[in-house]
Amino acid sequence: MLELSLASYRYPGYAKTVLHDIELRLGDGEIVGLVGPNDAGKSTLCLVTAGLAPASIGGVLKGTLTLDGTPAGGLRTHELAERVVVGFQNPNTQRSGLAATVFEEIAVGPMNLGLEVPETLARTRGAVARLRLEPLVERDPQRLSGGQAQLVAIASLLAMRPRHVILDEPTAQLDPEGTRLVGEALKALADDGTSLLIAEHKTDLLDGLCQRVVVIDGGTLVRDGPTTAVFEDPELEAVGVEPPARIRLRRAAQAAGLDPRVLAGART
Amino acid sequence: MLAVLPAAVIAGVARRLIKVSFLLTLPIAISVVLVSVFTRAGETVLFEIGPFDATAEGVDFAAQTLVRLFAISTSIGLFGMTTDPRAFVLDLERRGLSPRFAFVALATLEAVPAMVERAQVIASAQRARGLDTEGSVAARLRGVLPLAGPVVLSSLTEVEERSLALEVRAFGRPGRRRLLWRLPDSTPQLLLRALLLGLLILAIALRLTGAFPVLP
């Protein structure tokens, strides 16, 4: 279990606190969506939840982060990496630059962990299969499209086999098929007991994937509840979050005087 | 040169290698010729230009220096044209080089094309907003200079995220990585390297004993 308790964070060199008294718990195998308007603190919360802020980038964190009962404060960054990983939205900054092929790129993390070669190969092949990257394995990681690079970046994290995965807009550059693939892979990870926090603007992805959604606004968690309950909240749009298409469509139908059950029937 | 040129022909890069080496050594070659031919003292004066005498000894010295320069340039060029830098650095890591040093070396190699790509994107974006980067050299300079800031600054802002992404993948873990592969290294290659090393030692010994001619 990953637990963030009363966490407030301030970046180094800044006087302003950007996260305020965050209480967040990710249970084993749980997928939690993180939504909020731009500049609400989603990326910062991802860094804090992954332990990189302040362990790597500095700053001041009040409150505690606990990973499976171990306080993260005493862990070094490579020890954190064995427990929790974080993926960023720009795939180009996640390329190691150490690999000549996509397969080697995905294997960089397991290699860094000092695993035996057969274990590294097994993890890498598993991550490749999960995101169906077989056609790309021989390609140069520098010569991929944005969407392909994003999938490779996610596969690189999956190959680490962490207990907790934090993703900051993982499907920002993906087409619908890539988004679906990522969704399936994350669901399979959760089925294996991994907990996930996914910051996303695509509420449709979160709608089908998450058990719970938290809403952040101005550095404070303003909603935390079951996915449907949060997305059905009529106040959600007021904080700059667009509900999933099925809810917007149903509301539009209601506003037009149509029977929403017709839409429900069409879906089935 | 006797070792480099046949190797370049076998590798199929001889024409490109000579061209690149020639261009790289040209500026220094011009200064070497001018300084050596006209200022080196000698008894055989070939011709005079004003107060300067061009001597045969100067020509001889310039020729020797140019051959050396070209030999150094073609050797480095041949290495660069026939060696995949990533394979080279990773093989060095397998032989004991620090992974951090390997990363720095490879990141430096990757930085140049990445910055060129970024510069092109920024230039296209600025052109779309009316910045003129075409025309005369002066006009291009006026257009390109304002792009330098965004290119450098955006590269720097990416550095932090890049280092975070590496740490997420346990790059800071102490100890050696277990690399997946090893560079193919056949027996003939091994023997050839040993032979070249032997020849190098012999050449140094001959030079130290005075058996090889030295520069006058």
Side-chain angles (χ1 to χ4, degrees), chain A residues 43 46-47 50-53 55-58 76-101 103-121 124 140-143 153 156-157 159-160 162 165-166 168, chain B residues 83-94 97-122 151 154-184:
Chain A
S43 297
C46 287
L47 290 173
L52 291 176
S56 185
I57 63 172
R76 295 168 69 186
T77 48
H78 66 89
E79 291 169 325
L80 281 168
E82 292 173 29
R83 294 166 169 82
V84 54
V85 295
V86 58
F88 305 101
Q89 51 184 296
N90 181 357
N92 292 325
T93 59
Q94 295 176 83
R95 198 176 53 237
S96 70
L98 295 166
T101 66
F103 190 89
E104 289 169 27
E105 176 66 26
I106 295 170
V108 163
M111 278 196 288
N112 286 341
L113 289 174
L115 301 172
E116 296 293 338
V117 170
E119 176 64 14
T120 295
L121 289 174
T124 307
D140 182 344
Q142 292 187 69
R143 300 275 171 264
S156 303
L157 297 179
M160 301 283 289
V165 175
I166 316 295
D168 188 0
Chain B
T83 308
D84 172 13
R86 273 186 286 208
F88 173 65
V89 175
L90 289 179
D91 195 56
L92 285 180
E93 185 185 337
R94 193 178 62 76
L97 183 78
S98 151
R100 284 184 182 276
F101 185 86
F103 171 72
V104 170
L106 290 173
T108 309
L109 288 170
E110 196 181 315
V112 177
M115 281 188 85
V116 169
E117 198 174 316
R118 187 191 318 279
Q120 284 168 348
V121 170
I122 291 174
V151 170
S154 60
S155 299
L156 290 176
T157 53
E158 274 195 359
V159 168
E160 184 172 59
E161 193 165 300
R162 200 175 277 274
S163 71
L164 288 177
L166 276 172
E167 288 188 2
V168 164
R169 294 165 79 186
F171 188 72
R173 184 180 171 277
R176 294 247 161 257
R177 305 192 301 153
R178 290 182 197 276
L179 297 173
L180 286 185
W181 53 271
R182 106 187 353 242
L183 206 62

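Keep in mind it's a predicted model, so treat the numbers as computed, not measured. Note on naming: letters A, B, ... go to the chains in the order of the sequence lines (proteins, then strands), and numbering restarts at 1 for each one. Just so you know, these numbers use all the heavy atoms, side chains as well, and skip hydrogens, waters and symmetry mates.
Of all non-hydrogen atoms in V117(A) and L179(B), the two that sit nearest each other are CG2-O, 3.8 Å. Nearest heavy-atom pair, A81(A) versus A170(B), reported as atom, atom and distance to 0.1 Å: CB-N, 3.7 Å.
Only the side chain of L157(A) comes within contact range of chain B, with at least one heavy atom under 4.5 Å from a heavy atom of that chain. If you measure heavy-atom distances from L180(B) to chain A, the contacts under 4.5 Å come from both the backbone and the side chain. Heavy atoms closer than 4.5 Å to chain B are found in the side chain of Q142(A), but not in its backbone. Looking at L113(A), both its backbone and its side chain come within 4.5 Å of chain B, counting heavy atoms on both sides. Heavy-atom distances place the backbone of A99(A), and not its side chain, under 4.5 Å from chain B.
Checked against H78(A) for a side-chain contact (heavy atoms from CB on, under 4.5 Å), the options E167(B), R169(B), R173(B) give a single hit: R173(B).
Residues forming a ring-ring contact (aromatic ring centres under 6.0 Å, His included) with F101(B) (at least two apart in sequence, or on another chain): none.
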Sequence neighbours excluded and cut-off under 3.5 Å, please list the side-chain donor-acceptor pairs for residues 84-92 of chain A, or say none.
unit_1 : atom_1 : unit_2  : atom_2 : d
N90(A) : OD1    : N92(A)  : N      : 3.0
N90(A) : ND2    : E158(B) : OE2    : 3.4

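Counting heavy-atom pairs closer than 4.5 Å to chain B, the top-ranked of the candidates A107(A), A153(A), S96(A) is S96(A). Comparing A159(A), G109(A), G114(A) by heavy-atom pairs within less than 4.5 Å of chain B, the highest count is held by G114(A).
A distance-only check finds no donor-acceptor pair linking the side chain of R162(B) to the backbone of T93(A) [under 3.5 Å].
Within the model, atoms CD of E93(B) and CE of M111(A) stand 8.0 Å from one another, a figure rounded to the nearest 0.5 Å.
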